[in-house]
Amino acid sequence: QVQLVQSGAEVKKPGSSVKVSCKASGGTFSSYTISWVRQAPGQGLEWMGRIIPILGIANYAQKFQGRVTITADKSTSTAYMELSSLRSEDTAVYYCASGTAAAGTNYWGQGTLVTVSS
Amino acid sequence: DIQMTQSPSSLSASVGDRVTITCRASQSISSYLNWYQQKPGKAPKLLIYAASSLQSGVPSRFSGSGSGTDFTLTISSLQPEDFATYYCQQSYSWNTFGQGTKLEIK
């Protein structure tokens with residue numbers, strides 16, 4: 001049983017960056033795909049990108065290209081999502097999640113609220 | 001990116017009703033279509049994967065069908081705990097979610 005535990009809530013100024021962590025336990029971290037999904041207040045789910053730790057390769061949704069960086073540290077079984085040039089529209093709950101293309105995204109972190117405010 | 005369009009965006013129904021939610025992909029995604037349920041303040045929960053496979057532990061009143069570009073989620077007899085928001089997701093090329101369907105009590 002995979003468990004994903006995320007870092008705590010953040011308050012950031014416009015123009016700054018935020019880095020959210022996601023620590024995995026259970027299973028084999030390197031073989032997961034870890035995705036990042038965000039949800040603005042009252043809005044739907046938005047896929048941001050993913051990483052396959054065993055390959056160290058990340059892919060990003062076109063909307064976030066150039067502004068998001070997803071990394072993974074195999075030694076600590078932790079994935080990270082860094083979003084730069086923050087603006088108020090980036091205020092959202094950010095989830096890490098794990099799954100496969102064939103079997104869906106079955107494991108989710110608890111979510112991290114990022115608030116962007118001056 | 002592949003676009004996913006869900007309909008309706010909201011739906012009012014009663015306990016015991018049969019409801020269907022549809023999801024259309026902007027291009028063929030074979031059977032790489034998943035359905036999620038989300039309740040307020042909670043992470044999404046996987047219900048159906050690969051268009052029609054029921055995730056372990058999910059009640060059998062939930063079912064999915066379709067392939068290519070058109071998919072449906074059906075709840076055969078609504079229970080009180082089913083009132084939530086439902087999302088489709090394609091996993092054929094990276095991921096994209098539909099905009100969601102809010103299922104409310106009539």
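Source: prediction; values computed, not measured. Just so we're on the same page: letters track the sequence lines, and every chain starts at 1.
The candidate from P44(B), S30(B), S53(B), S91(B) with the greatest count of non-hydrogen atom pairs under 4.5 Å with chain A is P44(B).
Here the shortest heavy-atom pairing between A84(B) and Q38(B) reads CB-O, 3.4 Å.
Side-chain contact between W36(A) and V20(A) is present, with heavy atoms from C-beta onward closer than 4.5 Å.
Aromatic ring pairs are classed by plane angle as parallel below 30°, tilted from 30° to 60° and perpendicular above 60°; the pair W108(A) and Y36(B) is perpendicular.
Interface residue V37(A): only side-chain heavy atoms are found under 4.5 Å from chain B. For a residue to count as touching a neighbouring chain, one of its non-hydrogen atoms must lie under 4.5 Å from one of that chain's; by this rule S35(A) touches chain B with the side chain only. When heavy atoms are compared at a cutoff of 4.5 Å, N59(A) approaches chain B solely by way of its side chain, counted from C-beta outward. Of the two parts of Q43(A), only the backbone, made up of N, CA, C and O, holds a non-hydrogen atom closer than 4.5 Å to a non-hydrogen atom of chain B.
Ion pairing between a basic and an acidic side chain is recognised when a charged N comes within 4.0 Å of a carboxylate O; D1(B) and K63(A) show no such pairing.
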Using side chain to side chain contact (heavy atoms under 4.5 Å, CB included), reason through Y92(B) and L33(B) one step at a time and then give a plain yes or no.
CA-CA 8 Å; Y92(B) 178 80; L33(B) 191 284; over 6 Å; no
